[in-house]
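Report on the following structure.
Atom set for the values below is all heavy atoms of this structure, side chains included, hydrogens, waters and symmetry mates excluded.
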Amino acid sequence: MNRVEAITISRPLWFVQLLEKAFPSRFLAARATKLPILGRILHRWFFDGDDLIYLPRDQVIHINQPLDLPDDMVLPSQVVEHFIEKANVHWIMNFCICRQAKKCEDYPIDLGCLFLGEAALGINPEFGRRVTKEEALEHVRRCREAGLVHLIGRNKLDTIWLGVSPGDRLLTICNCCPCCCLWRVLPYVAPQIGARITRMPGVTVTVSDRCIGCGICTQGVCFVEAIHLVDGHAVISDECRGCGRCVTVCPQEAIEMSIEYGQFVEQSIARISPLVDVS
């Protein structure tokens, strides 16, 4: 028995169907994480060791340092591409469980997560397929073109619902939409859980004086409800995870996203690399 066979109990299809039926209850479960004793138990069972970074869309970033374009262009998607190049196992899911559970009509359901690392070999083959490095790169490119946002890091929930292990051999790359993302629960979970899902290092999102208070950015654009109108002006709270969707929809180009330093790709890679071994 090889190592992967010894550590794997992949989930059957009925288990995923059960999860999809339970998906509407996720906000209730999120609030339960704030209960004193139950919250600590849920944190240990489902979130211990997690560290996930939302990567801004490439098109919305302004880097606050001189760059000679195009050769020196540094993009958030290069974090994903780094780990795809490094990984020895690439696994694409045939579906996004969040969008499938919500019957999403705005974004493709078939553009599922990409999992990297040895533990992905234990995923039920009914859920997806092992692919080449080139196919993985093409998949994430298609996801970006569809308007999806990458979430990358170690996610214990994925090892649980997929029934694979060890967790330090499974890197998650979710491709998230604003309407169905599981992490819409972030405003409702306990702070110690919410703190494990963060924006990319150095990212800031600001609203300029060009804002006219039209409210478009508040209409289902932010998946964590981090932007609101206050006295006729958009205001962004600390809940912001820096996905950049509000930047793209603002008709006045009043919302700006910037990165304070040019080493954001290297810092993101250095943060993720010790958590998961994909090679």
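- Without hydrogens or angle criteria, Asp51 side chain to Arg154 main chain gives no donor-acceptor distance under 3.5 Å.
- Between Glu145 and Arg142 there is no salt bridge, since none of the side-chain N atoms of the basic residue sits less than 4.0 Å from a carboxylate O of the acidic one.
- Here the side chain of His90 pairs no donor or acceptor atom with the backbone of Glu85 at under 3.5 angstrom.
- No single ILVMFWY cluster, assembled from side-chain heavy atoms under 4.5 Å apart, contains both Leu148 and Met257.
- With hydrogens and angles disregarded, no donor-acceptor distance shorter than 3.5 Å links the side chain of His139 to the backbone of Trp91.
- Nearest approach of Arg210 to Glu253, heavy atoms of both residues: NH2-O, 2.5 Å.
- Residues Phe223 and Arg184 meet the side-chain proximity criterion, which asks for heavy atoms closer than 4.5 Å.
- Residues Cys96 and Cys180 are not in side-chain contact: their nearest non-hydrogen atoms beyond the backbone lie 4.5 Å or more apart.
- Looking at Val276 and Thr172, their side chains never come closer than 4.5 Å, going by heavy atoms from C-beta outward.
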For the pair Val79 and Ile272, evaluate side-chain contact (heavy atoms from CB on, under 4.5 Å) and give the outcome as yes or no after the intermediate values. CA-CA 10 Å; Val79 177; Ile272 296 168; 4.3 Å; yes

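- One finds the SG atom of Cys250 at 9.5 Å from the CD atom of Glu256 (value rounded to the nearest 0.5 Å).
- With values rounded to the nearest 0.5 angstrom, Thr218 atom OG1 is found 7.5 Å from Ile227 atom CD1.
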Working note: Trp161 + Val16, criterion side-chain contact (heavy atoms from CB on, under 4.5 Å); need CA distance, chi angles, decisive distance, verdict. CA-CA 7 Å; Trp161 81 270; Val16 173; 3.8 Å; yes

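- Across all non-hydrogen atoms, the minimal contact from Gly153 to Leu171 is O-CD1, 3.5 Å.
- The hydrophobic clustering, which links ILVMFWY residues whose side-chain heavy atoms are closer than 4.5 Å, places Leu157 and Phe95 apart.
- Between the Thr33 side chain and the Ala30 main chain, a donor and an acceptor come within less than 3.5 Å of each other.
- Here the closest non-hydrogen pair linking Gly147 and Tyr107 is O-CE2, 4.0 Å.
- Clustering ILVMFWY residues whenever any of their side-chain heavy atoms sit less than 4.5 angstrom apart, transitively, puts Met200 in the very cluster that holds Leu114.
- Annotation: Glu239, atom CD; neighbour count of heavy atoms from other residues, nucleotides and ligands within 6.0 Å is above 12.
- At least one side-chain heavy atom of Met93 sits less than 4.5 Å from a side-chain heavy atom of Ile123.
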Going through the checks in order, is the side-chain contact (heavy atoms from CB on, under 4.5 Å) test met by Leu111 and Asn175? CA-CA 7 Å; Leu111 293 180; Asn175 305 295; 5.7 Å; no

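- Distance SG/Cys98 to CZ/Arg26: 7.5 Å, rounded to 0.5 Å.
- In this model, no donor atom of one side chain and acceptor atom of the other lie less than 3.5 Å apart for Thr159 and Ser165.
- Across all non-hydrogen atoms, the minimal contact from Val207 to Cys211 is CG1-CB, 3.6 Å.
- Inter-residue side-chain proximity for Arg11 and Asn124 is flagged as unmet; no heavy-atom pair is nearer than 4.5 Å.
- For Ser25 (side chain) and Leu28 (main-chain N/O), no donor-acceptor pair under 3.5 Å exists by modelled atom type.
- In this structure, Leu182 is not a member of the same hydrophobic cluster as Phe127, with clusters built from ILVMFWY side-chain heavy atoms closer than 4.5 Å.
- A continuous path of Ile, Leu, Val, Met, Phe, Trp and Tyr side chains, each step under 4.5 Å between heavy atoms, connects Leu275 with Phe83, placing both in one hydrophobic cluster.
- By the 4.5 Å heavy-atom criterion applied to side chains, Arg144 and His150 are counted as neighbours.
- Judged purely by atom type and a 3.5 angstrom limit, Arg99 uses its side chain to pair as donor or acceptor with the backbone of Pro108.
- Distance CZ/Phe264 to CG/Leu75: 7.0 Å, rounded to 0.5 Å.
- Although no hydrogens or angles enter the test, the distance criterion places no donor-acceptor pair under 3.5 Å between the side chain of Asn155 and the main chain of Leu52.
- Between Gln267 and Pro201 the shortest heavy-atom distance is OE1-CB, 3.8 Å.
- A donor-acceptor pair under 3.5 Å is formed between the side chain of Lys156 and the backbone N or O of Arg44.
- Side chain of Ser10 to backbone of Gly163: no donor-acceptor contact under 3.5 angstrom is found.
- Separation of atoms CZ (Arg271) and CD1 (Ile152) is listed at 11.0 Å; rounding is to 0.5 Å.
- Between the side chain of Arg57 and the backbone N or O of Val247 there is no donor-acceptor pair closer than 3.5 Å.
- Taking both residues in full, the closest heavy atoms of Ser279 and Asn88 are given as C-ND2, 3.4 Å, listed atom of the first, atom of the second, then distance.
- Leu13 CG: more than 12 foreign heavy atoms inside a 6.0 Å radius.
- Phe15 CZ to Leu162 CG: the interatomic distance, rounded to the nearest 0.5 Å, is 9.5 Å.
- Taking the side chain as every heavy atom from C-beta outward, Val205 and Ile255 approach each other to under 4.5 Å.
- Two residues are said to be in side-chain contact when any heavy atoms from C-beta on lie closer than 4.5 Å; His43 and Arg196 meet this criterion.
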